[in-house]
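Here the structure is a predicted model, which means the values were calculated and not measured. Lettering follows sequence order; numbering is per chain, from 1.
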2 protein chains.
Amino acid sequence: MHPHFETYLQTQTTLTANEISQVSSMASFRILKRNESVLFAGDICKHKTFVISGLLRNYSTSVDGSEHILRFSPENSWTLDVESYDKQAPSVINISAIEPSQVLMWNKTDFQNLLVNVPALKQLAEQLIANNTHYSSQRMLTTLSASPEEKYEDFTRRFPNLLARLPLRMIAAYLGISLKTLTRIRHAQLTR
Amino acid sequence: MHPHFETYLQTQTTLTANEISQVSSMASFRILKRNESVLFAGDICKHKTFVISGLLRNYSTSVDGSEHILRFSPENSWTLDVESYDKQAPSVINISAIEPSQVLMWNKTDFQNLLVNVPALKQLAEQLIANNTHYSSQRMLTTLSASPEEKYEDFTRRFPNLLARLPLRMIAAYLGISLKTLTRIRHAQLTR
DNA sequence: TATAAACAAGGTCATTTGACCATAATTTAC
DNA sequence: GTAAATTATGGTCAAATGACCTTGTTTATA
């Protein structure tokens, strides 16, 4: 049904072939153009999304128009606004495609049923939550303690595969520094 | 056995009296002096900790001696270094008492058994994880997008009960601003 | 209660950072 | 393939922030 996703489950989980097609069959497939959104601020996050290919971002826009990025979601990752999804309350963030992307989406009730019926899927979900928790505190610590240059170097080490796919302004919006500062850092690194 | 904690479970969960004493009986009680630690950076986090009374902080110290705070844990909250606990790997943070405190601690294997045997405890744990996840992204967004003054105001709104219990330098270390900036903000607010 | 330690606040100064603007290069979209 | 949009970079400047130091106050502890 969705061969890429089924391979993902095969390699990342212990789901049986039957369970895999059960999970896969509940998904709806969607193609996203560049800048197309799967969630708008103010709306309720009704789906979990798996990225087959492409690249998405979770971000919020301030009143002054500046953008701040909470997460990038490349191929083989999941995304949603977890607070809006959990509480079924309006979201404060947007989720949009940076590159043309292909995604699978499950609505909440379907996915909850799958979690109950497929214990190994629940295990995967818990593992993903744990990874996210671990990374969140690391990121918070870096954000609090590192200089802009250290933040950028940490980013390049952690996401080497994203570097060339992101405009610098989005890296800056993720690190919480200005584009000016980021270009200054890169300039300094060149002449070193 | 630990009446304060048992009341906490009674009011926050659906655990039966029998389950409550089961959970409670596996805890070890500990009294902490001010500045006493339950976890040192470099050590492995072997316990989950519930704070009966007092106030703890999770923090990391940089090479230059500066301190950055990841979380405060007042009475009726839980704390640990979740990454170190999950992976049983050396921690990068310290957990210490800001005030004289009383805590309960469970070691990992005991707590895992409780989670399996007491489904409502697992529910509580998942709820706490969800709360933590939600707050983490809100905090990250504030950290990325807010001015120092907005960060401080957000803190006062969110943790009014902690304000008077914390030295300003710790609030600054939590917000990622300097003590100087924080005192400037407070001074400006006075004369307004 | 006395002594030491921790803390808040203020002064000064250097510097990093961001805002604003212009330009050039690259990428996107039709 | 061409026009339009987005993007990266650099210049200039002002302002916010932090580093360092001192002082007075509060808090802990023995």
Can you check the A/Glu36 CD to C/dT28 P distance for me, whole Å? 17 Å

Without decimals, in angstroms, what is the distance between B/Leu166 CG and D/dT26 P? 19 Å

Between C/dG18, C/dA8, D/dA8, spot the one nearest the side chain of B/Pro167, thanks. C/dA8

Please report the distance, rounded to the nearest Å, between CG in B/Leu175 and P in D/dG18. 11 Å

Looking only at the side chain of A/Lys180 (C-beta and beyond, no hydrogens), which of the listed nucleotides C/dA8, D/dT12, D/dT6 gets closest? D/dT12

Side-chain heavy atoms of A/Gln189 within contact of A/Glu153, under 4.5 Å: yes

Below the 4.0 Å mark, does D/dG10 have OP1 or OP2 next to a side-chain nitrogen or oxygen of A/His187? yes

Here the pair of heavy atoms bringing B/Ile98 nearest to B/Met170 is CD1-SD, 3.7 Å

How many whole angstroms separate atom CD of A/Glu99 from atom P of C/dT27? 13 Å

Given the rule in the salt bridge (charged side-chain N to carboxylate O under 4.0 Å, His left out) test, do A/Glu99 and A/Lys33 qualify, once you have shown the distances and angles that lead to the verdict? CA-CA 7 Å; A/Glu99 304 172 353; A/Lys33 295 180 189 164; over 6 Å; no

B/Asp64 atom CG is separated from D/dG18 atom P, nearest whole Å, by 13 Å

From D/dT17, D/dT7, C/dG18, pick the nucleotide closest to the side chain of A/Ser178? C/dG18

OP1 or OP2 of C/dA29 versus the side-chain N and O atoms of A/Arg34: is any pair under 4.0 Å? yes

For B/Pro148 and B/Asn35, take the nucleotide of DNA chain D holding the closest heavy atom to each; which residue's nucleotide lies nearer the 5' end? B/Pro148

B/Leu168 or A/Ser147, whichever maps to the more 5' nucleotide of DNA chain C: B/Leu168

Taking for each residue the nucleotide of DNA chain C bearing the nearest heavy atom, is the 5' side occupied by A/Gly176 or by B/Leu179? B/Leu179

Could you tell me the separation between the CZ atom of B/Arg186 and the C1' atom of C/dA8, rounded to a whole number of Å? 9 Å

Is the phosphate of C/dA9 approached by B/Thr183 (side-chain N or O, under 4.0 Å from OP1 or OP2)? no

When you compare the side chain of A/Ser96 with that of A/Arg57, does any pair of heavy atoms fall below 4.5 Å? yes

From CD1 of B/Ile185 over to C1' of D/dA15, roughly how many Å is that when rounded to an integer? 15 Å

Regarding B/Glu75 and B/Ser53, is there a side-chain donor-to-acceptor distance under 3.5 Å anywhere? no

May I ask you to say what B/Arg184 touches in the nucleic acid, namely base, sugar-phosphate or nothing, with a heavy-atom cut-off under 4.0 Å? base

Which whole-number value in Å describes the distance from A/Ile98 CD1 to C/dT28 P? 12 Å

